[in-house]
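Every chain is numbered from 1 and lettered A, B, ... according to where its sequence line falls, protein lines coming before strand lines.
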Number of protein chains: 2
Amino acid sequence: MCPKENAAQIQSQIRALQDTIYVIGGKWKLPIIHSICKGNKRFTDIQHSIPGITKRMLSRSLKELEDNKLIVRNVDPDFTATIEYEFTQYALEYGKLILDMIRWGENHHKVITGKGTKR
Amino acid sequence: MCPKENAAQIQSQIRALQDTIYVIGGKWKLPIIHSICKGNKRFTDIQHSIPGITKRMLSRSLKELEDNKLIVRNVDPDFTATIEYEFTQYALEYGKLILDMIRWGENHHKVITGKGTKR
DNA sequence: CGGTATCCTCTCTGATACTG
DNA sequence: CAGTATCAGAGAGGATACCG
């Protein structure tokens, strides 16, 4: 598991890993990703699909996801300034990793609660 | 990317994913995992191998990793109460996912800084 | 050596009101 | 509709001192 690289390279790997976690970390990023995944594209639609989220947190989280190029914000000025959020191709490539993380998390839950098959 | 399951199941998947992130999230978990990976087993050795960490945070983080069964705490009462931390077999199975996350994080860094091949 | 206890700070999140 | 501004609370993390 532990690669045999020099110290500087490993520090950079740890940072890479922390970045990976940061991008989808926090309280709302994953529910938002899921909501867009389900077909919601507009700010208010996304907000209503996630119980408990405020405009403030939705706005901030969308901006961070956009900064990380996982979603794009499309403004259509012709049709009364409709704004839509969509996944980037890049985000779709992230999908497999997310599914792996889900699988690990589900198994982990069983392990911790003592109903697991492993350990 | 988005599975076609019912709502309750998806909520549980999102929770599973948030758990996955939480287990290795925070400021010190990954450096600690790396330090043990490199062969450090004792509290003080781990502490000295991670610049800036305090006893308090090391203690808390080790306890959380132990609660999540990624490491075990072995007390040897015969030899002046030596205490050693080690990975569980379970943690080693986590390794592949961590490597995938590192790879994504490294590529992500290139994408965000504009030097990436993707996007 | 391997921790705990206490206090403090700083960031993240929530509530609410306002805006083009 | 799609946000921004402001303020307040909760929680993560840091500094330091103490303990078996």
Side-chain angles (χ1 to χ4, degrees), chain A residues 14-15 17-36 39-68 70-87, chain B residues 14-15 17-36 39-68 70-87:
Chain A
I14 290 177
R15 262 178 269 115
L17 191 37
Q18 285 170 329
D19 287 351
T20 307
I21 293 168
Y22 184 76
V23 170
I24 55 172
K27 191 168 177 180
W28 300 109
K29 302 274 183 63
L30 288 167
I32 290 168
I33 287 172
H34 170 250
S35 175
I36 295 175
N40 294 308
K41 290 173 183 299
R42 313 228 3 218
F43 190 93
T44 308
D45 292 341
I46 298 171
Q47 191 188 354
H48 291 158
S49 73
I50 304 173
I53 198 169
T54 60
K55 289 175 173 194
R56 180 179 126 89
M57 290 314 292
L58 178 55
S59 176
R60 290 174 66 111
S61 304
L62 284 171
K63 203 168 291 175
E64 285 182 35
L65 290 171
E66 195 189 354
D67 289 345
N68 281 295
L70 291 183
I71 60 174
V72 279
R73 181 176 182 275
N74 299 315
V75 183
D76 178 1
D78 299 330
F79 185 58
T80 63
T82 295
I83 295 169
E84 295 192 340
Y85 292 93
E86 291 180 292
F87 284 131
Chain B
I14 289 177
R15 262 179 269 116
L17 190 37
Q18 285 170 328
D19 288 351
T20 307
I21 293 168
Y22 184 76
V23 170
I24 55 172
K27 191 169 177 179
W28 299 110
K29 302 274 184 60
L30 289 167
I32 291 168
I33 288 171
H34 170 250
S35 175
I36 296 175
N40 293 307
K41 289 173 184 296
R42 313 230 359 221
F43 189 92
T44 309
D45 292 341
I46 298 171
Q47 192 187 353
H48 291 158
S49 74
I50 304 173
I53 197 170
T54 60
K55 290 174 172 193
R56 180 179 126 89
M57 290 315 292
L58 179 55
S59 176
R60 289 173 66 115
S61 303
L62 284 171
K63 203 167 291 175
E64 285 182 35
L65 290 172
E66 196 190 353
D67 289 344
N68 281 296
L70 291 183
I71 60 173
V72 278
R73 181 176 182 274
N74 299 315
V75 182
D76 178 1
D78 300 329
F79 185 56
T80 63
T82 295
I83 295 168
E84 295 192 340
Y85 291 94
E86 291 179 293
F87 283 132

With sequence neighbours excluded, residues passing side chain to side chain contact (heavy atoms under 4.5 Å, CB included) with B:Thr54: B:Arg56, B:Met57
OP1 or OP2 of D:dC1 under 4.0 Å from side-chain N/O of A:Tyr85: no
Phosphate contact (D:dC1 OP1 or OP2) by A:Thr44 side-chain N/O below 4.0 Å: yes
Five-pair end axes of the helix from C:dC1-D:dG20 to C:dG20-D:dC1, angle between them (10°): 40°
Who passes side-chain hydrogen bond (donor to acceptor under 3.5 Å, both in side chains) against [X], sequence neighbours left out?
X	answer
B:Arg73	B:Tyr85
B:Asp19	none
B:Ser35	B:Asn40, B:Ser49
A:Glu64	A:Lys29

Could you tell me which residues satisfy salt bridge (Lys or Arg N to Asp or Glu O under 4.0 Å) with [X], sequence neighbours excluded, listed by chain and number?
X	value
A:Glu84	none
A:Glu66	none
A:Lys55	none

Table of protein N/O atoms under 3.5 Å from nucleotides 13-16 of chain D N/O atoms:
{"unit_1": "D:dG13", "atom_1": "OP1", "unit_2": "B:Lys27", "atom_2": "N", "d": "3.1"}
{"unit_1": "D:dG13", "atom_1": "N7", "unit_2": "B:Arg56", "atom_2": "NH2", "d": "2.9"}
{"unit_1": "D:dG14", "atom_1": "OP1", "unit_2": "B:Lys27", "atom_2": "NZ", "d": "2.4"}
{"unit_1": "D:dG14", "atom_1": "OP2", "unit_2": "B:Trp28", "atom_2": "NE1", "d": "2.9"}
{"unit_1": "D:dG14", "atom_1": "N7", "unit_2": "B:Arg56", "atom_2": "NE", "d": "3.2"}
{"unit_1": "D:dG14", "atom_1": "O6", "unit_2": "B:Arg56", "atom_2": "NE", "d": "3.3"}
{"unit_1": "D:dG14", "atom_1": "O6", "unit_2": "B:Arg56", "atom_2": "NH2", "d": "3.3"}

Measure all distances between protein nitrogen or oxygen atoms and nitrogen or oxygen atoms of nucleotides 17-20 of chain D, and list the pairs falling under 3.5 Å.
none

Outermost nucleotides of DNA chain C that come under 4.0 Å of a non-hydrogen atom of chain B: C:dC1 to C:dT6
